[in-house]
Amino acid sequence: MKKSKIVLSLASLSLVAAVAVGGTLAWMTDSTQIATNTFNIGSGFADDGTHKGLWLDETKIGGTSEEPENPAHPDQNPNNRTEEDQTYEGLRPNSTFAKDPTFHITEGSIPCYVIARIQNGDKATAAGYIFKAEDTSTETTLTANWKKVAGDNGKDDAQSMLGLDGYYIYVDKTTQEPLILDPSEATDDLTLEPLFRYTTLTIDISTEEELDKADGQQIKISGAAVQAQNATWEEAVKQAITTLG
């Protein structure tokens, strides 16, 4: 069988993969889901006219090389960011590309915890995708600021905590303690570290069996900002699971 040409279409919020006739692997998304994949739990999240409270974006294909406006995040030039669907054409097995889902909180919002949920990541990794913090990694790894607190079933027993799927809270990367994020007096939106920075397709899709395995794979990322006042991080996680579950 002739080696597949891979066309990858990815959005910052919901990624759905499917194999089309002729062996083309396409990742597609419904952009109408963007407004419903980030949630604010509590009152006092600032509305800047474009976003309210928590929002999510990623690196854009073919962005400009202009200097970033936020010196605290030199890798995040706003001209290189997008909340829209993207298509990576001609992607080949063993290729790595920038894919960095990043949460932001609008300036002036209340102090809060941020919890992210990853769904269907385990199926995608089993099909040959690696989601990683560093481009040199050979296995799926998240950045140090995200700590898993529950499996995708909302439980924290040992079995549930295995794998990529589940709920993650934003933490201090050194102490691994959950952080109360405070954008209330910020002069710009508060930008968190991404869940991961790169994606690699590791398998050589050259057989019908491999195409079948990749068919229908998807990874979905959603998040919730939970008001921190009068709430422990454990209570915040429970609220996020109820909202995102």
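In this chain, numbering begins with 1 at the start of the sequence shown.
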So do T141 and F196 actually touch side chain to side chain, heavy atoms under 4.5 Å?
-> no
Working to the nearest 0.5 Å, report the span between NZ of K99 and CG of L195.
-> 11.5 Å
Find out whether V149 and D156 are in side-chain contact, i.e. whether some heavy atom of one side chain is under 4.5 Å from a heavy atom of the other.
-> no
For the student: nearest non-hydrogen atoms of D188 and E107, plus distance = O-CB, 3.4 Å
Would you list the pairs meeting ring-ring contact (aromatic ring centres under 6.0 Å, His included) in which at least one residue belongs to residues 147-191, sequence neighbours left out?
-> W146-Y170
Minimal non-hydrogen separation, L142 against I118, with atom names | CD1-CD1, 4.2 Å
Say whether T143 and N145, considering side chains only, have a donor N or O and an acceptor N or O under 3.5 Å apart.
-> no
Non-hydrogen side-chain atoms of I105 and D189 separated by less than 4.5 Å = no
Correct closest heavy-atom pair for H104 and T102 would be CD2-O, 3.4 Å
Could you go step by step and tell me if I241 and K155 meet the side chain to side chain contact (heavy atoms under 4.5 Å, CB included) rule?
-> CA-CA 10 Å; I241 290 173; K155 300 179 180 180; over 6 Å; no
Is W55 linked to L190 within one hydrophobic cluster, defined over Ile, Leu, Val, Met, Phe, Trp and Tyr using a side-chain heavy-atom separation of less than 4.5 Å?
-> no
Scan side-chain atoms only and decide if S160 and D157 contain a donor-acceptor pair under the 3.5 Å cut-off.
-> yes
Does G121 offer a backbone N or O that forms a donor-acceptor pair with the side chain of T125 under 3.5 Å?
-> yes
Side chain to side chain contact (heavy atoms under 4.5 Å, CB included) between F103 and T38, worked out = CA-CA 9 Å; F103 288 102; T38 54; 4.0 Å; yes
Of the non-hydrogen atoms in L244 and G223, which two are nearest, and what is the gap between them?
-> CD2-O, 3.7 Å
T106 side chain reached by P183 side chain, heavy atoms, under 4.5 Å = no
So OG1 of T243 and NZ of K238: to nearest 0.5 Å the spacing works out to 14.0 Å
What distance separates Y113 OH from E235 CD, expressed to the nearest 0.5 Å?
-> 8.5 Å
Taking only residues two or more places apart in sequence, or in another chain, which ones meet E234 in a side-chain contact (heavy atoms from CB on, under 4.5 Å)?
-> T232
Hydrophobic clusters join Ile, Leu, Val, Met, Phe, Trp and Tyr when side-chain heavy atoms are under 4.5 Å apart, directly or via other members; which others share one with F45?
-> I110
Can you tell me if N40 uses its side chain to pair, donor with acceptor, with the backbone of L54 under 3.5 Å?
-> yes
For residues D57 and T82, determine if any side-chain heavy atom of one lies less than 4.5 Å from a side-chain heavy atom of the other.
-> no
Please check if Y198 and F131 belong to a single hydrophobic cluster, counting links between Ile, Leu, Val, Met, Phe, Trp and Tyr side chain heavy atoms closer than 4.5 Å.
-> no
Within residues 129-151 or reaching into it, pairs that qualify as salt bridge (charged side-chain N to carboxylate O under 4.0 Å, His left out) - sequence neighbours excluded | E134-R197
Closest non-hydrogen atoms of G53 and S109, given as atom of the first, atom of the second and distance, are CA-OG, 4.0 Å
Only counting residues at least two apart or in another chain, list the ones meeting side-chain contact (heavy atoms from CB on, under 4.5 Å) with L162.
-> Q159
Walk me through it: do I115 and V226 pass the test side chain to side chain contact (heavy atoms under 4.5 Å, CB included)?
-> CA-CA 8 Å; I115 295 93; V226 183; 4.0 Å; yes
Measure the shortest side-chain to side-chain distance between T199 and T96 over non-hydrogen atoms and say whether it is less than 4.5 angstrom.
-> no
Can you name the salt bridge (Lys or Arg N to Asp or Glu O under 4.0 Å) partners of D152, sequence neighbours left out?
-> R117
For P111 and I180, the nearest pair of non-hydrogen atoms, with its separation, is CB-CG2, 3.7 Å
To the nearest 0.5 Å, atom CG of L179 lies from atom CG of L181 at 5.5 Å
Report yes or no: does D165 contribute a side-chain atom to a donor-acceptor pair with the main-chain N or O of N120 at less than 3.5 Å?
-> yes
So do the side chains of I130 and S137 get within less than 4.5 Å of each other, counting heavy atoms only?
-> no
